[in-house]
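Here's the structure we're looking at; comments come further down.
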Amino acid sequence: MSSFYDPSKAEAKWQKAWEEAGVFKTDLKKAKNPYYSLVMFPYPSGDKLHIGHWYNYAPADSIARFRKMQGHDVFSPMGFDAFGLPAENYAIKTGVHPAESTKKNVETMITQLKKIGCMYDWDKMVNTTAPEYYRWTQWLFLEMFKNKLAYKKKGNVNFCPSCQTVLANEQAQDGKCERCGTEIIQKSLEQWFWNIKKYSQQLLDGLETLDWPEKTKVMQRNWIGRNEGVNIPSRIKDLGDEFEVFDSVPQTFMAQTFSVIAPEHPLVEKMVKGTKYEKDVMAFVERMKKLKATEKYNFEEHVEGIFTGRYVEDPFGTGDLPIWVASFVVMDYGTGIVHCSAHDTRDFAFAKKYGIPLRPVMFPEDPKEAEKVKNLEVCYAKDPNAIMMQPEQFKGRRWGEVREDVIKHMTKTGLGQPVVQYRLRDWLVSRQRYWGAPIPIVYDPEGKPHPVPGEHLPWLLPTDVEFRPTGESPLKLSKEFKERTEKIFGKGWTPEYDTMDTFVCSSFYYLRYLMAGAHPHPPTPSPEGGRGAVVDPSLEKKWLPVSMYIGGPEHACMHLIYARFVMMALKDFGYVSHEEPFRKLVHQGLVTHKGAKMSKSKGNVVSPDAFVNEHGSDVFRMYLMFMGPFEAGGDWSDLGINGVVRFVKRIHRAITEKVDMTMKSDSSAVTTALHKTIKKVTEDIEAMHFNTAISALMEFLNLIEKEEALSIALGKTVALLLAPLAPHLSEELWSELGGKDFAIQQPWPKYDPALIVEATMTIAIQINGKLRGDIVVPRDATKEEILALAKENGNVKKYIESGLKKEIYVPEKLISFVV
RNA sequence: GCCGAGGUGGCGGAAUGGUAGACGCGAGGGACUUAAAAUCCCUUAUCCACUAACGGAUGUGUGGGUUCAAUUCCCACCCUCGGCACCA
């Protein structure tokens, strides 16, 4: 046995050996005890793998390996979310076609990924840009269309002036483009939407069944934004138009003295047409539209409005409500028109600004404060102890307890009816970009949309286009695309020129992994055009939901909500049996450097390559895991990695030099420590506390280094304990110790609970809560014996001389004396 | 503003009511070496005392509280990070 360990040689050797033996290939059909280990698949960028990739994939692989050794049939696939803007932007700059650069990037990335040494089953790879894949992205669109969940609508949509495309609501984060950070503007465009809103309640309810981080669930709940209230039937005086108005705080409905309507509301024009208000109101509406279209709309700077001259006809018997157009009303929430009262801070401020009358209906107990409310000096809102004055039958009751009764009252008298509103908006799926899956829709000469029939799928992305961001889809520039459409459908027919949001591609990829070999690389069109089912129902039933999904928290309200929606829709369409795709979800933390997020502009990016080339994958991935708790991330240190470099060298040396074939067993102290270590490492990996699992192994190493010789059984157990964390080192030790097959194919070591009990125990002694000494006693000592021994302790003795008030014994841990 | 997570040595962190600082980095000292690297051994929260040996005080963002005992539980506040934010 050699005590010198060369990671670069050993790692290449074992990666090759694993691949040749096919140890990570999963027979999806035959598997008995399935464990689906999934990581968020990467975008194949031209850059090398960064620390974020390693920090996601390596620990995920550790868990997968751990499960495999525990007897699961682990399926751990890898693929590429390869449609998207970077390749297109690269094409604009260099003229290299996105298909070409993507293909090249995928190839380099596969080589890099293989160096991590993860247990991926490469036969099951997917690539979203392969026609065999996007055929299913298009199929999904058609299913949505067929089931009336896809529709085209004109409306104000988020537009990124830099990416020159519209964006979904989820992708406009803090008013900025999720991709490039440019401020979003509003544009009125006709776009394709998917009706995710229909699944609001189901998306909310499903969260209860999931083993996900609570903060992610909270984020999704907030994003869905369930809100209970009443809908108040209302009518415009003289015009007779009827509509409903949502009110989530119905207790104060009697206080409502005016109404506000969104500038883009279609009723506005009708209300003012031919009246003296028309010119000013429509000018205001135009100004609002322009404002939103040119800059990030800041509501605090722009609380403004204008009177329409119209009224809501006396909804509560308190008089007509003047209707104002107001900048702050959201068109997409409720009905785009709201009744306003003195008991809402924004309504109050608006009324004050324009001198609109207010009428408070509840007051604080303190007469002085109540006077202020009466005189409209302050806005009084949402105080549970407020005393109601109106309506008459609720007089004297508290605002905080009257809600349900008011709703009942309104329902009974026809003033309103209970209703639930959600903040979630429909998913805008069209993009005015080239490098995406074409929307499989064609228009007849009248402009009516028709689905592209299944036999024409994949509806190929044309190649004869120029890459120019114009705000319109580049597909318009393709001659072939137009000709193809006319040839198939007839003269005057035109294709849809927009492509799909890449989040559509990633909303079902976990199903396509199960379709073994469906996406060969490089992609080669199969004679059947990749037909079949989106997923084999028996495999879906067996392998879903995903056992463990690991990825960044930034997807909480994007990918993770879209994928859930798509799965629910597919279940309703009858293609899958589960409605939730990911049973357990874990987010990896962020690896920072010098306290800041790594970025090219800050110049603090750490590239894994130099470290991996020098020390190997095992060291690099173990250091990432050792840095801190997995879900918390950590700050990278160039020096800190030395600890793990030493650990790998030392443990290899200790095992290879000290294991003695003739030794039958180890000392009882070493055996106890070994079993304690097995227990700790098992529990810590289970809980994804990799940092403490590694410390436990380091502690154990510190102990065995002091031994003259070790048994072979101990050596083999150590090799196996290392398998999830340092898989190559583990194989090296396993084979050097004469282990059969691969370490990764062995069962996970078990500990013997009887062996972790030590013969003696150390009892700490506290006097008035302060540690004053400790005693070592035999494990079978009684409480009385221990207390007596403690009182004899030299240092303790002088404290308890002054008189003992109380003594507390915590079994096996400590004694607390109170004097 | 609202929601969530967090604040522990020089640094990364450990401990979730029971010996605070495991494990590692860094630093200081020593051994080996002609020398250096590597490796190994000792020390390492702060302050005081002692240094022949034994000790003592303070200490987990701040201020209170509960308890024999609090990093851990409760109350108030400060700070950092993440998310949401005209949603009637």
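Computed from a prediction, not measured in an experiment: that's the story for all the values here. Just so it is clear: chains get the letters A, B, ... in the order the sequence lines come, proteins before strands, and each one is counted from 1.
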Taking only Lys NZ, Arg NE, NH1 and NH2, and the carboxylate oxygens of Asp or Glu, determine whether [X] and [Y] approach each other closer than 4.0 Å.
X: A:Lys215; Y: A:Glu631; value: no
X: A:Lys658; Y: A:Glu705; value: no
X: A:Glu208; Y: A:Arg221; value: yes

Check: Reading RNA chain B 5' to 3', what string of ( ), [ ], | and . shows its pairs, if Watson-Crick and G-U wobble pairs count only when both distances fall under 3.5 Å?
Finding: (((((((..(((.....[....)))((((((.......))))))((((......))))..(((((..]....))))))))))))....
Taking any heavy-atom pair under 4.0 Å as a contact, classify [X]: base, sugar-phosphate, or nothing.
X: A:Asp344; answer: nothing
X: A:Trp636; answer: nothing
X: A:Ser637; answer: nothing
X: A:Pro629; answer: sugar-phosphate
X: A:Asp247; answer: sugar-phosphate
X: A:Asp332; answer: nothing
X: A:Val260; answer: nothing
X: A:Arg425; answer: base
X: A:Gly640; answer: sugar-phosphate
X: A:Leu639; answer: sugar-phosphate
X: A:Val218; answer: sugar-phosphate
X: A:Val818; answer: sugar-phosphate

Item checked: A:Arg221 (side chain) and B:C84 (base): donor-acceptor pair under 3.5 Å ->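 A donor-acceptor contact between them is absent.
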Next item on the list: Go through the N and O atoms of the side chain of A:Gln766 and the base of B:G18, and report whether any donor-acceptor pair is under 3.5 Å.
Entry: yes
Note to self: Syn if the chi torsion is within 90° of 0, anti otherwise; quick check, which is B:G7?
What the structure shows: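 The base of B:G7 is oriented anti (glycosidic angle more than 90° from 0).
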Next item on the list: Calculate the interatomic distance between A:Leu725 atom CG and B:G24 atom C1'; express it in whole Å.
Entry: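 So the CG-C1' distance, A:Leu725 to B:G24, works out to 15 Å.
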Note to self: By the salt bridge (charged side-chain N to carboxylate O under 4.0 Å, His left out) test, which pairs, at least two apart or in different chains, include something from residues 555-564 of chain A?
What the structure shows: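 Found A:Arg564-A:Glu580.
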side-chain N/O [X] vs [N] OP1/OP2, d < 4.0 Å:
X: A:Asn768; N: B:A69; result: no
X: A:Asn642; N: B:G26; result: yes
X: A:Lys215; N: B:A5; result: no
X: A:Asn702; N: B:A22; result: no

Is the distance between the ring centroids of [X] and [Y] less than 6.0 Å?
X: A:Phe307; Y: A:Tyr354; answer: no
X: A:Trp427; Y: A:Tyr562; answer: yes
X: A:Phe611; Y: A:Trp636; answer: yes
X: A:Phe328; Y: A:Phe350; answer: yes

Checklist line | Inter-nucleotide P distance (B:C77, B:G1), Å rounded | finding: 12 Å
Notebook entry, point to check: What distance, rounded to whole Å, do you find between the two C1' atoms, one in B:A45 and one in B:G26?
Noted result: 15 Å
Notebook entry, point to check: Which comes earlier along RNA chain B counting from the 5' end, the contact point of A:Lys382 or that of A:Lys770, where each point is its nearest nucleotide?
Noted result: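 So the residue in question is A:Lys770.
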Next item on the list: Go through B:C23, B:C87, B:C68 for me and flag the one nearest to the A:Tyr333 side chain.
Entry: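 Closest nucleotide among those given: B:C87.
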Item checked: Minimum-distance nucleotide (side-chain atoms of A:Arg646 versus B:U39, B:C23, B:C68) -> B:U39
Notebook entry, point to check: Can you find a side-chain donor-acceptor pair between A:Asn158 and A:Gln171 that sits under 3.5 Å?
Noted result: no
